[in-house]
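Everything below concerns the one structure shown next.
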Amino acid sequence: MDFIAILSIFVMACFVGYYVVWSVTPALHTPLMAVTNAISSVIIVGALIAAAGAGNPVAKWLGLAGIVLASINIFGGFAVTARMLAMYKKKERPAAAAAKGAAAAKGDKA
Amino acid sequence: NPWVALAYLAAGVLFILALRGLSSPSTSRAGNRFGMAGMLIAIVTTLVTHQLASLPEILAAIAVGGAIGWVIARRIAMTDMPQLVAAFHSLVGLAAVLVGWAAFLNPEAFDLLVVTGVSSNQDLVSIKTAIGPVSRVEMALGVAIGALTFSGSVIAFLKLAGKMSGAPILLPGRHIINLGIIVAILGLTAAFAMGEVDNTTYFAAITVLAFIVGFLLIIPIGGADMPVVVSMLNSYSGWAAAAMGFTLHNTAMIITGALVGSSGAILSYIMCKAMNRSFLSVIAGGFGAEAGPLGDGA
(Lines give C-alpha, C1' and ligand atoms only; values in the text may rest on other atoms or scores of the structure.)
Protein backbone atom coordinates (compact mmCIF):
# COMPACT_ATOMS: atom_id res chain seq x y z
CA MET A 1 0.00 0.00 0.00
CA ASP A 2 1.36 3.41 -0.81
CA PHE A 3 2.14 6.02 1.79
CA ILE A 4 -0.68 8.41 0.82
CA ALA A 5 -3.34 5.67 1.17
CA ILE A 6 -2.01 4.80 4.62
CA LEU A 7 -1.82 8.47 5.58
CA SER A 8 -5.46 8.97 4.53
CA ILE A 9 -6.59 6.10 6.76
CA PHE A 10 -4.53 7.57 9.62
CA VAL A 11 -5.96 11.10 9.29
CA MET A 12 -9.56 9.84 9.05
CA ALA A 13 -9.08 7.66 12.14
CA CYS A 14 -7.66 10.68 14.00
CA PHE A 15 -10.86 12.60 13.27
CA VAL A 16 -13.05 9.70 14.41
CA GLY A 17 -11.09 9.51 17.66
CA TYR A 18 -11.43 13.27 18.06
CA TYR A 19 -15.23 13.31 17.74
CA VAL A 20 -16.10 10.08 19.50
CA VAL A 21 -15.20 10.96 23.10
CA TRP A 22 -16.36 14.58 23.48
CA SER A 23 -19.65 13.64 25.16
CA VAL A 24 -18.12 11.34 27.81
CA THR A 25 -19.73 11.45 31.27
CA PRO A 26 -17.18 12.62 33.90
CA ALA A 27 -17.79 9.50 36.00
CA LEU A 28 -16.64 7.39 33.05
CA HIS A 29 -13.28 9.16 32.54
CA THR A 30 -11.27 6.45 34.28
CA PRO A 31 -13.06 3.47 32.66
CA LEU A 32 -12.70 5.16 29.26
CA MET A 33 -8.99 5.61 29.91
CA ALA A 34 -8.72 1.96 30.92
CA VAL A 35 -10.48 0.68 27.80
CA THR A 36 -8.42 2.99 25.56
CA ASN A 37 -5.33 1.59 27.23
CA ALA A 38 -6.50 -1.97 26.55
CA ILE A 39 -7.17 -1.08 22.91
CA SER A 40 -3.74 0.48 22.48
CA SER A 41 -2.26 -2.98 23.04
CA VAL A 42 -3.06 -3.54 19.36
CA ILE A 43 0.74 -3.19 19.25
CA ILE A 44 0.53 -6.97 19.84
CA VAL A 45 -0.15 -7.29 16.10
CA GLY A 46 3.37 -5.98 15.44
CA ALA A 47 4.79 -8.22 18.14
CA LEU A 48 3.05 -11.26 16.60
CA ILE A 49 4.53 -10.49 13.17
CA ALA A 50 7.96 -10.08 14.76
CA ALA A 51 7.66 -13.38 16.65
CA ALA A 52 6.42 -15.24 13.57
CA GLY A 53 9.22 -13.91 11.36
CA ALA A 54 12.02 -16.36 10.81
CA GLY A 55 15.63 -15.43 10.27
CA ASN A 56 16.69 -13.45 13.30
CA PRO A 57 16.41 -15.12 16.73
CA VAL A 58 16.90 -11.85 18.62
CA ALA A 59 14.03 -10.20 16.75
CA LYS A 60 11.88 -13.25 17.43
CA TRP A 61 12.52 -13.10 21.18
CA LEU A 62 11.87 -9.35 21.21
CA GLY A 63 8.55 -10.14 19.50
CA LEU A 64 7.70 -12.82 22.07
CA ALA A 65 8.53 -10.43 24.93
CA GLY A 66 6.32 -7.83 23.25
CA ILE A 67 3.49 -10.38 23.08
CA VAL A 68 3.77 -11.08 26.83
CA LEU A 69 3.70 -7.35 27.69
CA ALA A 70 0.80 -6.60 25.34
CA SER A 71 -1.17 -9.63 26.60
CA ILE A 72 -0.84 -8.45 30.20
CA ASN A 73 -2.31 -5.19 29.00
CA ILE A 74 -5.13 -6.73 26.95
CA PHE A 75 -6.41 -9.14 29.59
CA GLY A 76 -5.70 -6.80 32.49
CA GLY A 77 -7.08 -3.74 30.72
CA PHE A 78 -10.42 -5.21 29.68
CA ALA A 79 -10.86 -7.02 33.03
CA VAL A 80 -10.15 -3.84 34.99
CA THR A 81 -12.60 -1.88 32.83
CA ALA A 82 -15.27 -4.54 33.42
CA ARG A 83 -14.65 -4.33 37.18
CA MET A 84 -14.93 -0.54 37.20
CA LEU A 85 -18.15 -0.64 35.20
CA ALA A 86 -19.61 -3.29 37.53
CA MET A 87 -18.84 -1.01 40.48
CA TYR A 88 -20.54 1.88 38.69
CA LYS A 89 -23.69 -0.20 38.29
CA LYS A 90 -23.78 -1.18 41.99
CA LYS A 91 -23.16 2.40 43.10
CA GLU A 92 -26.06 3.71 41.05
CA ARG A 93 -28.76 1.87 43.04
CA PRO A 94 -27.78 2.82 46.62
CA ALA A 95 -27.37 6.41 45.45
CA ALA A 96 -30.84 6.40 43.92
CA ALA A 97 -32.23 4.79 47.07
CA ALA A 98 -30.50 7.36 49.27
CA ALA A 99 -31.87 10.18 47.13
CA LYS A 100 -35.36 8.75 47.50
CA GLY A 101 -34.84 8.44 51.27
CA ALA A 102 -33.67 12.04 51.48
CA ALA A 103 -36.67 13.19 49.47
CA ALA A 104 -38.99 11.22 51.76
CA ALA A 105 -37.34 12.73 54.87
CA LYS A 106 -37.80 16.22 53.44
CA GLY A 107 -41.42 15.40 52.77
CA ASP A 108 -41.89 14.36 56.43
CA LYS A 109 -40.40 17.59 57.73
CA ALA A 110 -42.62 19.67 55.51
CA ASN B 1 -5.04 -10.29 0.76
CA PRO B 2 -8.29 -8.27 0.87
CA TRP B 3 -9.72 -10.39 3.72
CA VAL B 4 -6.98 -9.26 6.05
CA ALA B 5 -7.71 -5.60 5.35
CA LEU B 6 -11.44 -6.22 5.84
CA ALA B 7 -10.87 -8.04 9.13
CA TYR B 8 -8.65 -5.20 10.37
CA LEU B 9 -11.32 -2.73 9.29
CA ALA B 10 -13.92 -4.69 11.31
CA ALA B 11 -11.59 -4.57 14.32
CA GLY B 12 -11.23 -0.80 13.85
CA VAL B 13 -15.02 -0.33 13.72
CA LEU B 14 -15.43 -2.41 16.89
CA PHE B 15 -12.83 -0.22 18.64
CA ILE B 16 -14.74 2.92 17.59
CA LEU B 17 -17.93 1.37 19.02
CA ALA B 18 -16.01 0.56 22.21
CA LEU B 19 -14.89 4.18 22.68
CA ARG B 20 -18.36 5.46 21.84
CA GLY B 21 -19.98 2.94 24.21
CA LEU B 22 -17.74 3.97 27.10
CA SER B 23 -18.97 7.57 26.97
CA SER B 24 -22.39 6.74 28.39
CA PRO B 25 -23.25 4.53 31.42
CA SER B 26 -26.04 2.62 29.67
CA THR B 27 -23.81 1.47 26.79
CA SER B 28 -20.52 1.17 28.66
CA ARG B 29 -20.57 -2.57 29.29
CA ALA B 30 -21.46 -3.30 25.67
CA GLY B 31 -18.60 -0.96 24.70
CA ASN B 32 -16.12 -2.99 26.69
CA ARG B 33 -17.28 -6.17 24.95
CA PHE B 34 -16.92 -4.50 21.52
CA GLY B 35 -13.34 -3.71 22.48
CA MET B 36 -12.62 -7.33 23.41
CA ALA B 37 -14.19 -8.57 20.15
CA GLY B 38 -12.10 -6.12 18.12
CA MET B 39 -8.89 -7.24 19.82
CA LEU B 40 -9.76 -10.91 19.26
CA ILE B 41 -10.35 -10.28 15.53
CA ALA B 42 -7.07 -8.34 15.20
CA ILE B 43 -5.03 -11.08 16.93
CA VAL B 44 -6.66 -14.07 15.18
CA THR B 45 -6.36 -12.39 11.76
CA THR B 46 -2.66 -11.72 12.31
CA LEU B 47 -2.05 -15.27 13.52
CA VAL B 48 -3.76 -17.01 10.59
CA THR B 49 -2.16 -14.83 7.93
CA HIS B 50 1.46 -15.13 9.03
CA GLN B 51 3.64 -18.19 8.93
CA LEU B 52 2.98 -20.16 12.05
CA ALA B 53 6.48 -21.53 12.60
CA SER B 54 6.59 -20.37 16.19
CA LEU B 55 2.90 -20.79 17.04
CA PRO B 56 3.48 -22.76 20.29
CA GLU B 57 5.82 -20.07 21.62
CA ILE B 58 3.39 -17.32 20.58
CA LEU B 59 0.44 -19.03 22.29
CA ALA B 60 2.56 -19.62 25.39
CA ALA B 61 3.54 -15.93 25.44
CA ILE B 62 -0.13 -14.90 25.18
CA ALA B 63 -1.08 -17.37 27.94
CA VAL B 64 1.66 -16.12 30.29
CA GLY B 65 0.86 -12.44 29.70
CA GLY B 66 -2.88 -13.04 29.81
CA ALA B 67 -2.68 -14.93 33.12
CA ILE B 68 -0.53 -12.19 34.71
CA GLY B 69 -2.86 -9.45 33.48
CA TRP B 70 -5.98 -11.30 34.56
CA VAL B 71 -4.69 -12.02 38.10
CA ILE B 72 -3.51 -8.42 38.59
CA ALA B 73 -6.82 -7.01 37.35
CA ARG B 74 -8.80 -9.30 39.69
CA ARG B 75 -6.69 -8.74 42.80
CA ILE B 76 -5.99 -5.00 42.64
CA ALA B 77 -7.85 -2.77 45.08
CA MET B 78 -10.27 -0.33 43.46
CA THR B 79 -8.36 2.59 45.00
CA ASP B 80 -5.18 1.51 43.18
CA MET B 81 -6.82 1.75 39.75
CA PRO B 82 -5.09 4.94 38.51
CA GLN B 83 -1.56 3.62 39.12
CA LEU B 84 -2.52 0.27 37.58
CA VAL B 85 -3.60 2.02 34.38
CA ALA B 86 -0.29 3.96 34.44
CA ALA B 87 1.62 0.68 34.84
CA PHE B 88 -0.30 -0.85 31.93
CA HIS B 89 0.63 2.12 29.71
CA SER B 90 4.29 1.53 30.41
CA LEU B 91 3.87 -2.02 29.04
CA VAL B 92 2.43 -0.72 25.76
CA GLY B 93 5.31 1.75 25.46
CA LEU B 94 7.89 -0.95 26.11
CA ALA B 95 6.16 -3.33 23.68
CA ALA B 96 6.36 -0.61 21.00
CA VAL B 97 10.11 -0.27 21.64
CA LEU B 98 10.57 -4.05 21.36
CA VAL B 99 8.56 -4.23 18.11
CA GLY B 100 10.56 -1.31 16.69
CA TRP B 101 13.84 -3.03 17.51
CA ALA B 102 12.57 -6.34 16.13
CA ALA B 103 11.68 -4.56 12.87
CA PHE B 104 15.11 -2.91 12.81
CA LEU B 105 16.96 -6.20 13.40
CA ASN B 106 14.85 -8.31 11.05
CA PRO B 107 13.62 -5.98 8.27
CA GLU B 108 13.04 -8.88 5.82
CA ALA B 109 10.23 -10.23 8.01
CA PHE B 110 8.41 -6.91 7.71
CA ASP B 111 9.15 -6.28 4.00
CA LEU B 112 11.07 -3.12 4.84
CA LEU B 113 14.07 -3.61 2.59
CA VAL B 114 14.53 -1.49 -0.49
CA VAL B 115 17.28 -1.68 -3.09
CA THR B 116 19.82 1.05 -2.38
CA GLY B 117 22.37 0.20 -5.01
CA VAL B 118 23.27 -2.28 -7.71
CA SER B 119 26.89 -2.86 -8.51
CA SER B 120 27.81 -5.08 -11.44
CA ASN B 121 31.31 -6.43 -11.68
CA GLN B 122 31.46 -8.22 -15.08
CA ASP B 123 29.22 -11.33 -14.52
CA LEU B 124 28.76 -10.68 -10.84
CA VAL B 125 25.75 -8.49 -9.99
CA SER B 126 25.36 -7.66 -6.33
CA ILE B 127 22.29 -5.89 -5.02
CA LYS B 128 22.62 -3.82 -1.91
CA THR B 129 19.52 -3.49 0.27
CA ALA B 130 18.73 -1.46 3.36
CA ILE B 131 15.67 -0.32 5.25
CA GLY B 132 13.91 2.39 3.23
CA PRO B 133 14.33 5.98 4.47
CA VAL B 134 10.59 6.49 5.11
CA SER B 135 10.45 3.26 7.10
CA ARG B 136 13.45 4.42 9.11
CA VAL B 137 11.74 7.69 10.06
CA GLU B 138 8.57 5.79 11.01
CA MET B 139 10.39 3.24 13.16
CA ALA B 140 12.55 5.90 14.82
CA LEU B 141 9.47 7.94 15.75
CA GLY B 142 7.61 4.81 16.91
CA VAL B 143 10.48 3.71 19.13
CA ALA B 144 10.97 7.26 20.47
CA ILE B 145 7.30 7.71 21.39
CA GLY B 146 7.18 4.20 22.84
CA ALA B 147 10.28 4.78 24.98
CA LEU B 148 8.93 8.15 26.17
CA THR B 149 5.60 6.48 27.06
CA PHE B 150 7.42 3.76 28.97
CA SER B 151 9.64 5.91 31.17
CA GLY B 152 6.93 8.55 31.65
CA SER B 153 4.39 5.93 32.71
CA VAL B 154 6.85 4.35 35.15
CA ILE B 155 7.28 7.74 36.86
CA ALA B 156 3.50 8.32 36.83
CA PHE B 157 3.04 4.87 38.39
CA LEU B 158 5.66 5.50 41.10
CA LYS B 159 4.11 8.87 41.97
CA LEU B 160 0.53 7.55 42.06
CA ALA B 161 1.53 4.48 44.07
CA GLY B 162 3.29 6.69 46.63
CA LYS B 163 6.64 4.97 45.94
CA MET B 164 8.03 8.34 44.90
CA SER B 165 7.16 11.77 46.27
CA GLY B 166 4.15 13.28 44.50
CA ALA B 167 5.73 16.71 44.78
CA PRO B 168 6.91 18.22 41.48
CA ILE B 169 10.67 17.92 40.96
CA LEU B 170 11.65 21.11 39.19
CA LEU B 171 15.08 21.04 37.59
CA PRO B 172 16.55 24.42 36.69
CA GLY B 173 16.32 25.07 32.95
CA ARG B 174 14.26 21.94 32.42
CA HIS B 175 12.37 23.33 29.43
CA ILE B 176 15.67 24.06 27.66
CA ILE B 177 16.93 20.55 28.50
CA ASN B 178 13.71 18.87 27.30
CA LEU B 179 13.59 20.95 24.14
CA GLY B 180 17.27 20.20 23.50
CA ILE B 181 16.72 16.45 23.85
CA ILE B 182 13.66 16.52 21.58
CA VAL B 183 15.61 18.47 18.93
CA ALA B 184 18.46 15.95 19.31
CA ILE B 185 16.02 13.05 18.78
CA LEU B 186 14.62 14.70 15.63
CA GLY B 187 18.15 15.44 14.36
CA LEU B 188 19.24 11.87 14.97
CA THR B 189 16.10 10.64 13.22
CA ALA B 190 17.00 12.72 10.16
CA ALA B 191 20.60 11.46 10.25
CA PHE B 192 19.33 7.90 10.70
CA ALA B 193 17.00 8.26 7.69
CA MET B 194 19.57 9.85 5.38
CA GLY B 195 22.46 7.52 6.13
CA GLU B 196 23.54 5.02 3.51
CA VAL B 197 23.15 2.09 5.90
CA ASP B 198 20.77 1.59 8.83
CA ASN B 199 22.96 2.86 11.62
CA THR B 200 22.51 0.95 14.88
CA THR B 201 24.21 3.69 16.93
CA TYR B 202 21.71 6.33 15.80
CA PHE B 203 18.77 4.04 16.46
CA ALA B 204 20.08 3.15 19.94
CA ALA B 205 20.79 6.82 20.74
CA ILE B 206 17.22 7.77 19.74
CA THR B 207 15.85 5.05 22.03
CA VAL B 208 17.98 6.09 25.02
CA LEU B 209 17.29 9.84 24.61
CA ALA B 210 13.55 9.16 24.39
CA PHE B 211 13.68 7.13 27.63
CA ILE B 212 15.41 10.10 29.30
CA VAL B 213 13.00 12.73 27.98
CA GLY B 214 9.97 10.69 29.12
CA PHE B 215 11.44 10.65 32.62
CA LEU B 216 12.24 14.39 32.55
CA LEU B 217 8.79 15.34 31.22
CA ILE B 218 6.91 13.63 34.05
CA ILE B 219 9.04 14.35 37.16
CA PRO B 220 8.07 18.08 37.27
CA ILE B 221 4.35 17.24 37.36
CA GLY B 222 2.63 17.10 40.74
CA GLY B 223 0.44 14.28 42.03
CA ALA B 224 -2.79 16.25 41.53
CA ASP B 225 -2.21 16.48 37.78
CA MET B 226 -1.34 12.78 37.46
CA PRO B 227 -4.73 11.58 36.12
CA VAL B 228 -4.34 13.98 33.19
CA VAL B 229 -0.76 12.79 32.67
CA VAL B 230 -1.90 9.17 32.63
CA SER B 231 -4.48 10.05 29.98
CA MET B 232 -1.83 11.94 28.00
CA LEU B 233 0.54 8.96 28.17
CA ASN B 234 -2.36 6.85 26.94
CA SER B 235 -2.54 9.13 23.93
CA TYR B 236 1.22 8.76 23.38
CA SER B 237 0.95 4.97 23.48
CA GLY B 238 -1.63 5.26 20.70
CA TRP B 239 0.69 7.42 18.56
CA ALA B 240 3.49 4.90 19.14
CA ALA B 241 1.26 2.07 17.91
CA ALA B 242 0.24 4.17 14.88
CA ALA B 243 3.88 4.93 14.03
CA MET B 244 4.73 1.22 14.22
CA GLY B 245 1.66 0.59 12.04
CA PHE B 246 3.12 2.94 9.41
CA THR B 247 6.42 1.05 9.59
CA LEU B 248 4.75 -2.33 9.18
CA HIS B 249 2.07 -1.08 6.71
CA ASN B 250 -0.51 -2.56 9.07
CA THR B 251 -3.91 -0.86 8.95
CA ALA B 252 -5.13 -2.38 12.23
CA MET B 253 -2.31 -0.67 14.10
CA ILE B 254 -2.70 2.61 12.20
CA ILE B 255 -6.48 2.90 12.68
CA THR B 256 -6.38 1.86 16.32
CA GLY B 257 -3.29 3.88 17.14
CA ALA B 258 -4.83 7.02 15.62
CA LEU B 259 -8.12 6.42 17.49
CA VAL B 260 -6.35 5.98 20.82
CA GLY B 261 -3.96 8.84 20.14
CA SER B 262 -6.57 11.46 19.28
CA SER B 263 -9.28 10.31 21.72
CA GLY B 264 -6.68 10.15 24.52
CA ALA B 265 -5.57 13.70 23.76
CA ILE B 266 -9.20 14.94 23.82
CA LEU B 267 -9.88 13.05 27.04
CA SER B 268 -6.84 14.71 28.66
CA TYR B 269 -8.11 18.08 27.51
CA ILE B 270 -11.60 17.39 28.92
CA MET B 271 -10.07 16.23 32.23
CA CYS B 272 -7.90 19.36 32.42
CA LYS B 273 -10.93 21.57 31.94
CA ALA B 274 -12.90 19.60 34.57
CA MET B 275 -10.03 20.03 37.05
CA ASN B 276 -9.38 23.63 36.04
CA ARG B 277 -5.75 22.97 35.06
CA SER B 278 -3.81 24.33 32.13
CA PHE B 279 -3.54 21.74 29.36
CA LEU B 280 -0.26 23.21 28.14
CA SER B 281 1.30 22.98 31.60
CA VAL B 282 0.61 19.27 31.75
CA ILE B 283 1.75 18.27 28.26
CA ALA B 284 4.87 20.42 28.35
CA GLY B 285 6.01 18.88 31.63
CA GLY B 286 5.12 21.32 34.39
CA PHE B 287 5.16 24.41 32.21
CA GLY B 288 4.11 27.25 34.53
CA ALA B 289 3.85 24.78 37.43
CA GLU B 290 5.71 27.32 39.59
CA ALA B 291 2.35 29.00 40.12
CA GLY B 292 0.70 25.67 40.93
CA PRO B 293 1.78 25.02 44.54
CA LEU B 294 1.06 28.64 45.52
CA GLY B 295 -2.42 28.37 44.06
CA ASP B 296 -3.03 25.10 45.90
CA GLY B 297 -1.79 26.54 49.20
CA ALA B 298 -4.05 29.58 49.00
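Lettering of chains follows the sequences in order, A, B, ..., and the numbering in each one begins at 1. What's counted below: heavy atoms across the whole structure, side chains too, no hydrogens, waters or symmetry copies.
Scanning residues 259-267 of chain B against chain A with a 4.5 Å non-hydrogen threshold yields L259(B), V260(B), S262(B), S263(B), I266(B), L267(B), sorted by number.
When heavy atoms are compared at a cutoff of 4.5 Å, P82(B) does not approach chain A at all. Using a 4.5 Å cut-off between heavy atoms, P31(A) touches chain B through backbone and side chain atoms alike. Residue contact with chain A, scored on non-hydrogen atoms closer than 4.5 Å, involves the side chain of M81(B) exclusively. Contacts of V35(A) with chain B are made by side-chain atoms alone, with heavy-atom separations under 4.5 Å and no backbone atom involved. Heavy-atom distances place the side chain of Y269(B), and not its backbone, under 4.5 Å from chain A. Contact of A103(B) with chain A is not made at all, since no heavy-atom distance falls under 4.5 Å. With a threshold of 4.5 angstrom between heavy atoms, W61(A) does not approach chain B through any atom at all. Contacts between I44(A) and chain B at a heavy-atom distance below 4.5 Å involve the side chain alone, from C-beta outward. For A38(A), the part lying under 4.5 angstrom from a heavy atom of chain B is the backbone only.
S23(B) is not listed as a side-chain neighbour of L28(A), based on a closest heavy-atom distance of 4.5 Å or more. Put simply, the side chain of I43(B) reaches to within 4.5 Å of the side chain of I74(A), judged on heavy atoms. Taking the side chain as every heavy atom from C-beta outward, I58(B) and L64(A) approach each other to under 4.5 Å. Within the 4.5 Å cutoff, the side chain of F15(B) has no heavy atoms near those of the S40(A) side chain. Using a 4.5 Å cut-off on side-chain heavy atoms (C-beta onward), I62(B) and F75(A) make contact. Two residues are said to be in side-chain contact when any heavy atoms from C-beta on lie closer than 4.5 Å; S268(B) and M33(A) fail this criterion.
Distance CG/L62(A) to CH2/W101(B): 9.0 Å, rounded to 0.5 Å. In this structure, CE on M39(B) lies 10.0 Å from OG on S71(A), to the nearest 0.5 angstrom. Here H29(A) contributes atom NE2 and I270(B) contributes atom CD1; the two are 5.5 Å apart, rounded to the nearest 0.5 Å. Expressed to the nearest 0.5 Å, how far OG1 of T81(A) lies from CZ of R29(B) amounts to 12.0 Å. Atoms CD1 and CG, from I49(A) and L248(B) in turn, are 5.5 Å apart once rounded to the nearest 0.5 Å. Here the straight-line distance linking atom CG of N37(A) with atom OG of S153(B) works out to 8.5 Å at 0.5 Å rounding.
The candidate from N56(A), T25(A), V11(A), V16(A) with the greatest count of non-hydrogen atom pairs under 4.5 Å with chain B is N56(A). By number of non-hydrogen pairs under 4.5 angstrom with chain A, the leading residue of H89(B), R33(B), M244(B) is H89(B). Top candidate by heavy-atom pairs under 4.5 Å with chain A, chosen from A61(B), S24(B), A241(B), G21(B), is A61(B). Each of G66(A), A70(A), A50(A) has some count of heavy-atom pairs under 4.5 Å with chain B, and the biggest count is that of A50(A). Ranked by heavy-atom pairs shorter than 4.5 Å toward chain A, the options N234(B), V99(B), L105(B) are led by N234(B). Per-residue counts of heavy-atom pairs under 4.5 Å with chain A were compared for L94(B), V134(B), L84(B), I76(B); the largest is that of I76(B). For the set V85(B), L98(B), N32(B), N250(B), the count of heavy-atom pairs under 4.5 angstrom toward chain A peaks at N32(B). With chain A as the partner, the residue from G238(B), S231(B), G142(B), A42(B) showing the most heavy-atom pairs under 4.5 Å is S231(B).
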Would you sort out whether V24(A) and L22(B) count as a side-chain contact (heavy atoms from CB on, under 4.5 Å), showing the intermediate values? CA-CA 7 Å; V24(A) 62; L22(B) 258 291; over 6 Å; no

L19(B)/I39(A) under side-chain contact (heavy atoms from CB on, under 4.5 Å): CA gap, chis, key distance, verdict: CA-CA 9 Å; L19(B) 294 182; I39(A) 289 173; 4.2 Å; yes

L7(A) vs F246(B), side-chain contact (heavy atoms from CB on, under 4.5 Å): CA-CA, chis, key distance, verdict: CA-CA 8 Å; L7(A) 187 67; F246(B) 270 98; 4.1 Å; yes

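Heavy atoms only, all atoms of each residue included: R83(A) and A73(B) are closest at NH1-O, 2.6 Å. Closest of all the heavy-atom pairs between M78(B) and M87(A) is CG-SD, 3.5 Å. A95(B) and I43(A) get closest at one heavy-atom pair: CB-CG2, 3.9 Å.
Formation of a donor-acceptor pair under 3.5 Å by the N106(B) side chain with backbone atoms of A59(A) is not found in this model.
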